[in-house]
Asker: 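One structure follows; several queries about it will come next.
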Amino acid sequence: MKRMLSGIKPTGQLTLGNYIGALRNFVNYQDDYEMFVFVANLHCITEYQDPKDLSKNLTDAIALYLACGLDPKKATIFLQTDVHAHAELGYIMACNTYLGELSRMTQFKDKTAKGEKNMTAGLYTYPCLMAADILLYNANYVPVGEDQKQHVELTRDLAQRFNNKYGETFVVPEPLINKVGARIMSLSDPSKKMSKSDETNKGCIYLLDDLALARKKIMSAVTDSIGVIQLDKENQAGLYNLIEIASSLTNRPMQDIVDEFAGQGYGKLKGYVADVVCDTLGTIQNRYNEIIHSRQIEEVLSDGAKKASAIADNTLNTAKEKIGLEIKY
Ligand code: TYM
C-alpha cells in the first residue's frame with residue numbers, strides 16, 4: 001500500500017478552504033493508502049499566537065479531523081510535537097537547503113513584499129521543517145491545496161539532494177492536488193485565497209461558523225455585474241468560486257450546476273451554495289460537538305504518537321547514520 005502524509009497548521013480555526021483543498025481528500029484517500037495526518041503545531045509558532053487560543057485551536061483541529069470523517073483505525077492521526085524527530089530532521093534539512101531556495105518561497109516573498117516587520121527565522125526556515133514532516137514517513141504522496149505545491153517541490157529537491165550526497169535514504173514524494181477545489185478564493189475578494197487570517201472575516205467560512213453566519217457570508221459574496229451564470233474564471237471569479245465550492249461539496253461537475261441555474265439570478269445560485277455549505281457544516285458540527293466532550297481526542301493522540309514515532313525515529317536514525325552523526329561503539 002502506498003503511503004500518504006499531510007497536515008494542517010491551525011493558526012486559527014480550520015476553514016472551508018482547508019476542508020475542500022485538503023481534509024475531505026484525506027478522508028477519501030484513507031481507504032486506499034496508508035495515511036498519516038498530523039496537526040502542524042510547530043508551524044503555528046513562526047508568528048506569535050496567544051497560548052490559550054493556540055491550545056484551543058489545536059484541540060479543535062483534532063476534533064475536526066475526526067468530525068470530518070478521518071478514522072483512527074485507518075489513518076494515523078498525531079500532533080507534530082509528540083514526535084520529536086520532526087524538529088531534529090527539520091534542522092538537518094535546514095543544513096541541506098540554500099538561502100536562495102528559501103528566499104524564493106512565495107509565502108516569504110509575499111510577506112517581504114508587504115514590508116512585514118519582525119519576521120522570524122522560523123518563518124524563513126519553515127519549508128525545511130515541512131520537508132522533514134514528509135520525508136520522515138517516506139510518504140509517496142502528499143495531498144495538498146495549490147498553495148502548498150511549491151513546498152512539496154522543494155521537499156522533492158531536498159530529498160534528491162540528500163540521497164545524492166549520502167546515498168539512498170528518502171522516498172521522493174509527489175504532491176496530489178485536485179483539479180476542482182485546489183484553491184478556494186475569499187468570498188469578499190475573489191482575487192485572494194480564502195484564508196484563516198482574513199481580516200474582514202467576511203471572506204472566510206470557518207468549519208465551526210454558526211450556520212446563519214455562514215449563509216450570510218455566502219449570500220453577500222462578491223460577484224460581478226455581468227449577470228450571466230457561466231464558467232468564466234477570469235471575468236467572473238467570484239461566481240466561479242461559488243460554483244467550485246458547491247461542486248466540490250456535492251461531487252457534481254461544475255457545468256452541471258451552471259446548467260441547472262442558467263438564466264436565473266445570482267441570488268438563486270447563492271441560495272443553493274449556502275444550502276450545500278450549511279449541510280456540510282451542520283454534519284461536521286454535530287459530530288464535533290460529540291467528540292469535543294469525549295475522551296476520544298486523548299486516545300487518538302496517544303495511539304497516533306506511538307505509531308508515528310516508531311516510523312519517524314527509524315528514518316531519522318538512518319539519516320543520522322548516513323551523515324556520520326552517530327558514534328559507533
Ligand atoms: P495550511 O494550514 O495553510 O493549509 C492546510 C491545507 O489546506 C489547504 N488550503 C486550501 N486549499 C484550497 N483552498 C484554500 N483556500 C486553502 N487554504 C488552505 C492547503 O493547501 C493545505 O493543503 N505548510 C502547511 C502545513 C504543513 C504540511 C506539512 C502539509 C506542514 N507540514 C507536511 C503537508 C505536508 C500549511 O501551512 O498548510
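All residue numbers in this chain count up from 1 along the given sequence.
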Asker: Can Glu260 and Lys268 be counted as an ion pair, charged N to O under 4.0 angstrom?
Answerer: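 A salt bridge is absent here (no side-chain N lies under 4.0 Å from a carboxylate O).
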Asker: Between Glu88 and Lys320, is there a side-chain N and carboxylate O pair less than 4.0 Å apart?
Answerer: yes
Asker: Would Asp224 and Asn235 count as having a side-chain donor-acceptor pair, cut-off 3.5 Å?
Answerer: no
Asker: Give me the ring orientation class for Tyr137 and Phe78: parallel if the planes are under 30° apart, tilted from 30 to 60°, perpendicular past 60°.
Answerer: tilted
Asker: Consider only side-chain N and O atoms of Asp259 and Gln255, and report whether a donor and an acceptor are under 3.5 Å apart.
Answerer: yes
Asker: Less than 4.0 Å between a side-chain N and a carboxylate O, is that true for Asp53 and Lys56?
Answerer: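 Not counted as a salt bridge, because no side-chain N and carboxylate O are separated by less than 4.0 Å.
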Asker: Pairing donors with acceptors under 3.5 angstrom, does anything connect the side chains of Asn140 and Glu174?
Answerer: no
Asker: Could Asp110 and Lys114 be called an ion pair, given the rule that one side-chain N must be under 4.0 Å from one carboxylate O?
Answerer: no
Asker: Would you say the side-chain atoms of Gln148 pair up with the backbone N or O of Val142, donor to acceptor, closer than 3.5 Å?
Answerer: no
Asker: Please check if the distance between the ring centroids of Tyr272 and Tyr266 is under 6.0 Å.
Answerer: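 Not close enough - the centres of the two rings lie 6.0 Å or further apart.
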Asker: Do Arg183 and Asp147 sit within salt-bridge range, that is, some charged N less than 4.0 Å from a carboxylate O?
Answerer: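 The answer is no: the pair does not qualify as a salt bridge.
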Asker: Does any donor atom in the side chain of Asp133 or Gln80 lie under 3.5 Å from an acceptor atom in the other side chain?
Answerer: yes
Asker: Please answer: with hydrophobic residues joined when any side-chain heavy atoms are less than 4.5 Å apart, are Ile92 and Leu99 in the same cluster?
Answerer: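 In one cluster: yes.
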Asker: Verify whether one side chain among Lys233 and Asn241 offers a donor that lies under 3.5 Å from an acceptor in the other.
Answerer: no
Asker: Angle between ring planes, His86 versus Phe38, binned at 30° and 60°: parallel, tilted or perpendicular?
Answerer: tilted
Asker: With side-chain hydrogen bond (donor to acceptor under 3.5 Å, both in side chains) as the test, would you mind laying out the steps for Asp60 and Gln13 before giving the verdict?
Answerer: CA-CA 8 Å; Asp60 279 350; Gln13 284 286 320; 2.8 Å; yes
Asker: Parallel, tilted or perpendicular: which describes the rings of Tyr29 and Tyr33, with under 30° parallel and over 60° perpendicular?
Answerer: perpendicular
Asker: Is it true that Asp32 and Lys2 have a side-chain N and a carboxylate O under 4.0 angstrom from each other?
Answerer: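 No, no charged N to carboxylate O under 4.0 Å.
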Asker: Salt-bridged, Glu290 to Arg287, with N to O below 4.0 Å?
Answerer: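 Arg287 and Glu290: not salt-bridged.
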